[in-house]
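Each remark here refers to the structure printed beneath this line.
Numbering of residues begins at 1 and proceeds along the displayed sequence. For clarity, every value in this text was computed on a predicted model and none was experimentally measured.
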Amino acid sequence: MLTSLKNIWRVEDLRKRILFTLFVLIIYRIGSFVPVPGVNKEVFDAVDSQGRELFGLLNTFSGGALFQFSIFALGIMPYITASIITQLLSMDVIPKLAEWAKQGEHGKKKLAQLTRYGTVVLGLIQAFGTSIGFNRLYGQEMVPNATFVDYIVIAIVLTAGTSFLMWLGEQITERGIGNGISIIIFAGIVATIPNVIRTTIESEFIQADQLFMNILKVVIVALVLLLTIVGVIYIQQAIRKIPVQYAKRVVGNKMYGGQNTHIPLKINAAGVIPVIFAVSLLQFPIIIASFWAGYGWANWVTTHLSYDKPLGMVLYVIMIIGFTFFYTFVQMNPQQMADNMKKNGGYIPGIRPGKATEKYLSRVLTRLTMTGALFLAVISVLPVFLGSLSGLPQVAQLAGTSMLIVIGVALDTTKQIESQLIKRHYKGFINK
């Protein structure tokens, strides 16, 4: 490990990328404590347990910026929602967007620009609703004697904060290490861990009546979390190798092909993207409905669509499974893989090239994806049961979705560093 860390600092380009990523994350954390002008933050001290449970996941993803009501209070969620909408519309829903999706790098730039515009629009809507909603939720005035202009100013500041986060994420992706948006969410979740530890110590150890039982409970929860981490890493790293043989071809005086290789199909090829998408879509109607608290339809939405309620949990699981299949088959198209193998003289032993290969790959990929999707769903709803059984909702909040994101981003970033080291003939974290 120490040798690997030394190797990282020996590579100038890699060192610059890591330092740039850390610098951007420092900016992000500083911005999380910069309050929106004219806002009374004491309002958020009155947030009850139900409110914290309702907005707890979003507050975790924003690194605590939501309850601070800082300029980054909305986090990166509007960008994620805009990305979902853009990707869904580019799947032959709008012909022009589908055409852009097939144009390679040039088309991706156009879709990325459309996603940025969508982020600003969705950010404005969510920011305006948030600025009005929090005034109505807790009785106190977040902005004393607020006017329509005050709400507009707050909405513009929050939207600017989200746009700045989007830009920071793109800069990390381009000039740093890892996927920028995922790194920012990762940093927000990790930043809440010290507060969770402090809250757990205060509630279970300092003023505890049954100290031994509380210690035992915390130890059991820690062991469950440790086993969950091991399981997540195992599934994230697991692959199935599909053997491929290439026929020998003579072109001129040279012979090509004849080697044996394999196609690595991951059990969870989509990573944590389906979970992030599902959280974003499930939380969006709840947030909007919470701003009309007191109305029948709004109370029904906030009560039943939360992921810790039966209906919300079912929808949450369905969306995770659906997005896992969607994202996996977008990334790994069986038809395209079969065509490429056929063009290059490759075939799977015992399977005919062409349509039969496509069907075989689709069948294998469907089974693997279903396994990965069910695993993601189980891990994501784990906090509901862990929190109710242990009575530690603050610890359970870091389990499930948050844990998947943290581990997934950490593994992906490690792989990128590993590939950079291998290119330069250095040993990485995994190689021995």
Side-chain angles (χ1 to χ4, degrees), residues 28 30-48 50-59 61-86 113-168 188 279-303 305-306:
Y28 164 58
I30 292 174
S32 299
F33 295 96
V34 177
V36 175
V39 170
N40 178 19
K41 292 199 302 179
E42 294 180 359
V43 172
F44 297 92
D45 295 334
V47 178
D48 55 14
Q50 183 179 0
R52 292 189 180 276
E53 183 178 348
L54 183 63
F55 298 105
L57 197 57
L58 291 179
N59 186 59
F61 283 180
S62 65
L66 180 60
F67 288 161
Q68 294 281 346
F69 211 77
S70 73
I71 57 175
F72 294 155
L74 296 185
I76 205 68
M77 285 304 172
Y79 175 82
I80 296 173
T81 306
S83 299
I84 298 171
I85 295 173
T86 302
Q113 189 67 21
L114 182 63
T115 302
R116 295 188 189 103
Y117 292 142
T119 301
V120 174
V121 173
L122 292 176
L124 277 173
I125 296 173
Q126 187 172 339
F128 190 72
T130 301
S131 62
I132 296 176
F134 276 115
N135 262 3
R136 296 179 177 179
L137 275 177
Y138 304 110
Q140 302 182 49
E141 289 189 345
M142 186 175 65
V143 180
N145 302 319
T147 63
F148 181 77
V149 176
D150 293 326
Y151 292 134
I152 291 295
V153 171
I154 293 174
I156 292 175
V157 171
L158 292 179
T159 305
T162 295
S163 301
F164 183 62
L165 276 183
M166 175 181 64
W167 181 80
L168 288 179
V279 169
S280 180
L281 283 186
L282 190 64
Q283 290 289 325
F284 189 76
I286 296 176
I287 293 173
I288 298 301
S290 65
F291 302 142
W292 279 268
Y295 293 89
W297 68 270
N299 293 337
W300 188 90
V301 170
T302 55
T303 302
L305 292 189
S306 178

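Remark: Ile125 engages Val121 in a side-chain contact (heavy atoms from CB on, under 4.5 Å) (not counting sequence neighbours). Qualifying side-chain contact (heavy atoms from CB on, under 4.5 Å) partners for Leu168, counting only residues two or more places apart in sequence or in other chains: Val24, Ile27, Phe164, Leu165, Ile184. Taking Ile85 as the reference, Thr81, Leu89, Leu122 meet the side-chain contact (heavy atoms from CB on, under 4.5 Å) condition, with sequence neighbours excluded. Partners of Thr86 according to the side-chain contact (heavy atoms from CB on, under 4.5 Å) rule, which considers only residues two or more places apart in sequence or in another chain, are Leu111, Leu114, Thr115.
A distance of 9.5 Å separates CG of Leu74 from OG of Ser163, quoted to the nearest 0.5 Å. Interatomic distance, OG1 of Thr119 versus CZ of Arg116, reported as 9.0 Å (0.5 Å rounding). Atom CG in Leu124 sits 7.0 Å away from atom CD1 in Ile156 (nearest 0.5 Å).
Considering all non-hydrogen atoms of both residues, Ser70 and Phe33 come closest at CB-N, 4.2 Å. Here the closest non-hydrogen pair linking Ala82 and Gly118 is CB-C, 3.8 Å. Contact record, Leu158 with Ala73: CD2-CB, 3.9 Å, taken as the closest heavy-atom pair. For the residue pair Ala155 and Thr159, the shortest heavy atom distance occurs at O-OG1, 2.7 Å. Of all heavy-atom pairs between Phe128 and Ile152, the closest is CE1-CD1, 3.8 Å.
Thr162 places no side-chain N or O within donor-acceptor distance of the main-chain N or O of Ile76, the cut-off being under 3.5 Å.
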